[in-house]
Q: 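Shown below is the structure under consideration.
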Amino acid sequence: MQVGGRRWYGEVDRTHPHLREHVLEEIRARGPLGSRHFDGAARQGEMWGWKPAKRMLELLWNHGELVVAGRQGFQRLYDLPERVLPDELLGAPTPPEPERLRELAERAVRARGVLTERGVVEHWRLKGGSARIRDAVESLVADGLLERHAVEDGGQPVLVPAGTELDRPAPSAAVLLSPFDNLLWDRPFVRRALGFDHLIEVYKPAPQRRYGYYVLPLLWRDRIVGRADLKSDRAAGALVVRAFHREHGVRASAALDEAFERALDRLRRVIGLETVIR
């Protein structure tokens, strides 16, 4: 069963149908494998540029015929579900759709803190739009597990876990977010809630980048105040700041600089580096 609504692996099941059984047979015989263990060349000029075997691995994973058993560096290792997952999970019955959608909606809201119905759909890449989960959301609200709140801007109401304390003082913490952090997945909502236009440029040629290669937004208090272009120099044991771009309307200040320093030091410690170079 395909769980998501996007075919990021393309039409490989149509263009290379023979690969399905070939990939599965190799994994059955040899154990967990990554895309590097299969022949084929990447397609040039595409954002991902995956070779056909990698696309088939992703299709089989998305359909539940393979699972991710681990990684070698950045590369996933795929294996058969029965060699990775416990028997009690594999043998569990598939819940009916209303129950499944309730669970997915509640999990998404609890994981993200606040979401619109559209955000729930985006979280799981569900087909059918907001209409598909509306009954599930209504039942969760009726049962007191989620709350729906209107927003002053007149946009879509938001869902929060029941009992969430609203209008709390903004925390003073400063955090550098991964550009793939789930806070940033729903870009229209991020623009609405934080006034932030998220931009990922790792796939662009260098001359086309506005902010840098791997840019981390700086969240300070209740606002994203800037974007840091960073590099991990493992040989030197240093986190290197290539550039810091303040957001429109954010003024330079000693407080902002101190918050950025705290966020850099926290990131440095998390990734095991010794110093920060600005």
Q: For Asp143 and Leu145, indicate whether the former's side chain and the latter's backbone hold a donor-acceptor pair under 3.5 Å.
A: no
Q: Classify the ring geometry of His22 against Phe38: parallel below 30°, tilted from 30° to 60°, perpendicular beyond 60°.
A: perpendicular
Q: Using the rule given for side chain to side chain contact (heavy atoms under 4.5 Å, CB included), can you reason through Phe189 versus Val114, listing the C-alpha separation, both sets of side-chain angles and the distance that settles it, and then say yes or no?
A: CA-CA 10 Å; Phe189 189 68; Val114 55; 4.2 Å; yes
Q: Verify the neighbour count for atom NZ of Lys231: are there more than 12 heavy atoms of other residues, nucleotides or ligands below 6.0 Å?
A: no
Q: Go through the steps for Glu26 and Leu33 under the test side chain to side chain contact (heavy atoms under 4.5 Å, CB included), then give the verdict.
A: CA-CA 8 Å; Glu26 288 292 302; Leu33 298 177; 4.0 Å; yes
Q: Using 4.0 Å as the upper bound for N to carboxylate O, is an ion pair formed by Glu58 and Arg55?
A: no
Q: Minimum heavy-atom separation for Asp233 to Leu273, with atom names?
A: O-CD2, 4.4 Å
Q: Please tell me whether Ser172 and Arg221 have a donor and an acceptor in their side chains that are separated by less than 3.5 angstrom.
A: no
Q: Out of curiosity, Leu57 CG to Ile27 CD1, how far, rounded to the nearest 0.5 Å?
A: 5.5 Å
Q: Could Glu122 and Arg187 be called an ion pair, given the rule that one side-chain N must be under 4.0 Å from one carboxylate O?
A: no
Q: Please report the interatomic distance CD1(Ile200) to OH(Tyr213), rounded to the nearest 0.5 Å.
A: 12.0 Å
Q: So if you build clusters from Ile, Leu, Val, Met, Phe, Trp, Tyr with side-chain heavy-atom gaps below 4.5 Å, do Val202 and Ile271 land together?
A: yes
Q: Spell out, as yes or no, whether a donor-acceptor pair under 3.5 Å connects the side chain of Arg112 to the backbone of Leu115.
A: no
Q: Using 4.0 Å as the upper bound for N to carboxylate O, is an ion pair formed by Arg148 and Glu138?
A: yes
Q: What I'd like to find out is whether the side chain of Val241 reaches to under 4.5 Å of the side chain of Phe260, using heavy atoms alone.
A: yes
Q: At their closest point, which heavy atom of Pro81 faces which heavy atom of Gly64, and how far apart are they?
A: CG-O, 3.6 Å
Q: Can you tell me if His63 uses its side chain to pair, donor with acceptor, with the backbone of Leu60 under 3.5 Å?
A: no
Q: So do the side chains of Tyr214 and Ser178 get within less than 4.5 Å of each other, counting heavy atoms only?
A: yes
Q: Between Lys51 and Asp39, is the closest basic N to carboxylate O distance under 4.0 Å?
A: no
Q: Below 4.0 angstrom, N of the basic side chain to O of the carboxylate: do Glu247 and Arg223 qualify?
A: no
Q: Answer whether the closest heavy-atom distance between the side chains of Val215 and His245 falls below 4.5 Å.
A: no
Q: Spell out, as yes or no, whether a donor-acceptor pair under 3.5 Å connects the side chain of His198 to the backbone of Pro179.
A: yes
Q: Does Arg210 have more than 12 heavy atoms from other residues, nucleotides or ligands lying within 6.0 Å of its CZ?
A: no
Q: Assess the residue pair Ser35 and Gln75 against the criterion (side-chain hydrogen bond (donor to acceptor under 3.5 Å, both in side chains)); give the C-alpha distance rounded to whole Å, side-chain angles, the decisive distance to 0.1 Å, and a yes or no.
A: CA-CA 8 Å; Ser35 65; Gln75 189 168 100; 3.2 Å; yes
Q: Does Phe180 share a hydrophobic cluster with Leu218, counting links as ILVMFWY side-chain heavy atoms below 4.5 Å and allowing steps through other members?
A: yes
Q: Just so I know, are the side chains of Leu239 and Ile277 near enough to count as touching, which here means a heavy-atom distance under 4.5 Å?
A: no
Q: To check you understand the geometry: which heavy-atom pair defines the closest contact between Ala228 and Leu176, and what is its length?
A: CB-CD2, 4.0 Å
Q: Working to the nearest 0.5 Å, report the span between CG of Leu59 and CZ of Arg20.
A: 5.5 Å
Q: Roughly how far, to the nearest 0.5 Å, is the CZ atom of Arg83 from the CG atom of Leu90?
A: 12.5 Å
Q: For Trp124 and Ala105, work out which heavy atoms get closest and say how close.
A: NE1-N, 4.4 Å
Q: Would Glu117 and Arg134 pass as an ion pair if we require N to O under 4.0 Å?
A: yes
Q: I'd like to check Leu159 versus Thr116 (side-chain heavy atoms, cut-off strictly below 4.5 Å). Are they in contact?
A: no
Q: What are the two closest heavy atoms between Pro32 and Leu77, and how far apart are they?
A: CB-CB, 4.2 Å
Q: So how far is it from Leu199 CG to Leu184 CG, rounded to the nearest 0.5 Å?
A: 11.5 Å
Q: For Arg191 and Phe196, indicate whether the former's side chain and the latter's backbone hold a donor-acceptor pair under 3.5 Å.
A: no
Q: Which atom pair, heavy atoms only, marks the closest approach of Pro161 to Gly113?
A: CD-O, 3.3 Å
Q: For Arg209, is the CZ atom crowded, meaning more than 12 foreign heavy atoms sit under 6.0 Å from it?
A: yes
Q: Backbone N or O of Gly163 within a donor-acceptor pair of the Glu147 side chain at under 3.5 Å?
A: yes
Q: Take atom CZ in Arg251; do more than 12 heavy atoms of anything else shown fall under 6.0 Å from it?
A: no
Q: Are the side chains of Val109 and Val137 in touch, meaning some heavy atoms are under 4.5 Å apart?
A: no
Q: Set out, in order, the CA-CA distance, both residues' side-chain angles and the distance that settles side chain to side chain contact (heavy atoms under 4.5 Å, CB included) for Leu230 and Leu264, then state yes or no.
A: CA-CA 10 Å; Leu230 305 177; Leu264 288 168; 3.9 Å; yes
Q: Just so I know, are the side chains of Arg278 and Val276 near enough to count as touching, which here means a heavy-atom distance under 4.5 Å?
A: yes
Q: Looking at Glu88, I want to see if its CD is surrounded by more than 12 non-hydrogen atoms of other residues, nucleotides or ligands under 6.0 Å.
A: yes
Q: Using side chain to side chain contact (heavy atoms under 4.5 Å, CB included), reason through Tyr78 and Lys54 one step at a time and then give a plain yes or no.
A: CA-CA 10 Å; Tyr78 303 83; Lys54 170 61 175 175; 2.6 Å; yes
Q: Ion pair present between Glu97 and Arg132, side-chain N to carboxylate O less than 4.0 angstrom?
A: yes
Q: Rounded to the nearest 0.5 Å, what separates atom CG in Leu140 from atom CZ in Arg102?
A: 4.5 Å
Q: Any link between Leu194 and Leu177 through a network of hydrophobic side chains (Ile, Leu, Val, Met, Phe, Trp, Tyr) touching at under 4.5 Å?
A: yes
Q: Under 3.5 Å, is there a donor-acceptor pair between the side chain of Thr164 and the main chain of Val160?
A: no
Q: One thing to verify: whether Arg110 and Glu106 come together as a salt bridge, which I'm taking to mean a side-chain N less than 4.0 angstrom from a carboxylate O.
A: yes
Q: Counting heavy atoms not belonging to Arg28, are there more than 12 under 6.0 Å from its CZ?
A: yes
Q: Indicate yes or no: does Arg192 engage Asp153 in a salt bridge with an N to O separation below 4.0 Å.
A: yes
Q: Under 4.0 Å between a Lys/Arg side-chain N and an Asp/Glu carboxylate O for Asp265 and Arg262?
A: no
Q: A side-chain contact here means heavy atoms from C-beta on lying under 4.5 Å apart; do Trp61 and Val68 qualify?
A: yes
Q: Pairing donors with acceptors under 3.5 angstrom, does anything connect the side chains of Arg36 and Gln72?
A: yes
